[in-house]
2 protein chains.
Amino acid sequence: MDIQLKRGLLDVCVLAAIKNEDSYGYQIIKDLKPCIELSESTLYTILKRLEAANMLTVRTAEHGGRLRKYYHITPEGRKRIEDFKDEWKEIMSIYRFVTKEDEAYE
Amino acid sequence: MDIQLKRGLLDVCVLAAIKNEDSYGYQIIKDLKPCIELSESTLYTILKRLEAANMLTVRTAEHGGRLRKYYHITPEGRKRIEDFKDEWKEIMSIYRFVTKEDEAYE
DNA sequence: CGGTATACATCGTATCACGAAGTATCAACC
DNA sequence: GGTTGATACTTCGTGATACGATGTATACCG
């Protein structure tokens with residue numbers, strides 16, 4: 001999938017991946033894999049960005065001797081998903097514009 | 001509309017704007033306005049990129065004493081639009097993932 | 001003991017949309 | 001004839017950001 005198309009989708013995907021249950025980096029990547037692929041460096045950049053924007057909070061917990069950072073979505077994060085649904089209407093109108101066939105040309 | 005979301009859409013929009021009829025910069029911006037807004041600097045950057053990628057050709061013509069550069073879509077440009085339709089399936093699956101409600105959570 | 005999976009972090013780079021500013025022509029208005 | 005606004009294209013610098021490469025560290029399995 002084209003990198004440029006992924007932009008703007010990735011943030012929301014990450015938020016969606018934690019919206020029902022707190023999760024951590026490695027797990028998020030696995031959960032998103034069937035839907036959208038992203039590298040670790042990309043994910044951790046995104047998580048930091050979302051934290052700075054108050055869309056999620058972080059909690060460090062030990063698990064099997066290793067540290068894990070669990071991410072929890074905030075109301076702002078949920079709002080971001082809702083806003084995305086609105087933006088989707090614009091996206092759909094763009095899609096229709098691009099795929100619209102001109103009868104005169106056909 | 002979020003800048004990041006526009007990325008990956010803009011190229012295809014510009015190609016769509018000239019797919020039925022050759023057009024020039026200023027006109028393309030006006031035609032796209034109801035669908036997606038873009039500045040002149042953005043458009044001319046995109047046009048150069050698409051030309052470099054052989055997705056369109058350029059022809060300079062005089063019109064009312066002023067020069068205009070008319071852009072014409074190539075087969076590669078049309079293929080780009082077709083490829084976009086395929087990518088759209090992935091986009092839709094991402095949308096469904098993001099908006100999917102988890103019954104257990106509701 | 002070595003390989004693989006887990007888990008997170010940092011750095012540098014390339015791509016790209018945009019605002020700002022500039023150049024130039026033409027039509028309309030006063 | 002001077003001013004303004006629309007038309008038309010160009011260049012420059014900046015900020016955002018996805019990613020590969022690389023590094024660190026632990027757990028588990030054979």
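A quick note: this is a predicted structure, and the numbers were derived from the prediction, not measured. Lettering follows sequence order; numbering is per chain, from 1. Basis for what follows: all heavy atoms, side chains included, without hydrogens, waters or symmetry-related copies.
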What nucleotide among [options] has an atom nearest to a side-chain atom of [X]?
X     : options               : value
B:I3  : C:dA9, D:dT10, C:dA17 : C:dA17
A:Q4  : C:dT15, C:dA9, D:dT17 : C:dT15
B:H63 : D:dC19, C:dC18, D:dA8 : D:dA8
A:T42 : D:dC19, C:dT6, C:dT10 : D:dC19
A:R49 : D:dA8, D:dT17, C:dA7  : D:dT17
B:R7  : C:dT15, D:dC9, C:dG19 : C:dT15
A:T45 : D:dC19, C:dC18, C:dA7 : D:dC19

Select from A:E37 and B:Q27 the residue whose nearest nucleotide in DNA chain D is closer to the 5' end of that strand. B:Q27
Toward the 5' end of DNA chain D, which comes first, A:K6 or B:L67, by nearest nucleotide? B:L67
Regarding B:E76 and B:K79, does a basic nitrogen lie under 4.0 Å from an acidic carboxylate oxygen? no
Short N-O contact, A:K30 and A:E40, less than 4.0 angstrom: no
What's the [atom1]-[atom2] distance between [X] and [N], to the nearest Å?
X     : N      : atom1 : atom2 : answer
B:Y26 : D:dT10 : OH    : C1'   : 14 Å
A:L10 : D:dT17 : CG    : C1'   : 10 Å
A:D2  : C:dT15 : CG    : P     : 13 Å
A:L43 : C:dA9  : CG    : P     : 10 Å
A:D22 : C:dA7  : CG    : P     : 15 Å
A:D31 : C:dT6  : CG    : P     : 12 Å
A:L47 : C:dT10 : CG    : C1'   : 15 Å
B:L38 : C:dC16 : CG    : C1'   : 13 Å

Does the side chain to side chain donor-acceptor pair (under 3.5 Å) test come out yes or no for A:S39 and A:T42, once each step is laid out? CA-CA 5 Å; A:S39 68; A:T42 299; 2.9 Å; yes
ILVMFWY cluster, A:I29 and A:L67 together (side-chain gap under 4.5 Å): no
Grab the N/O contacts between the protein and nucleotides 20-28 of chain C below 3.5 Å, and write none if there aren't any.
unit_1: C:dT25; atom_1: O2; unit_2: B:R66; atom_2: NH1; d: 2.7

Would you check if B:E87 and A:L5 make a side-chain contact, meaning some heavy-atom pair closer than 4.5 Å? yes
May I ask you to verify if any side-chain N or O of [X] is less than 4.0 angstrom from the OP1 or OP2 atom of [N]?
X     : N      : value
B:Y44 : D:dT10 : no
A:K48 : C:dC8  : no
B:K30 : D:dA6  : no
A:Y24 : C:dA7  : yes

Going by the ring-ring contact (aromatic ring centres under 6.0 Å, His included) test, which pairs reach into residues 17-67 of chain A, not counting sequence neighbours? A:Y24-A:Y70
Please round to the nearest 0.5 Å and tell me the distance separating atom CD of B:E37 and atom NZ of B:K33. 5.0 Å
Per the salt bridge (charged side-chain N to carboxylate O under 4.0 Å, His left out) rule, which among A:K6, A:R80, A:R49, A:K48 passes with A:D11? A:R49
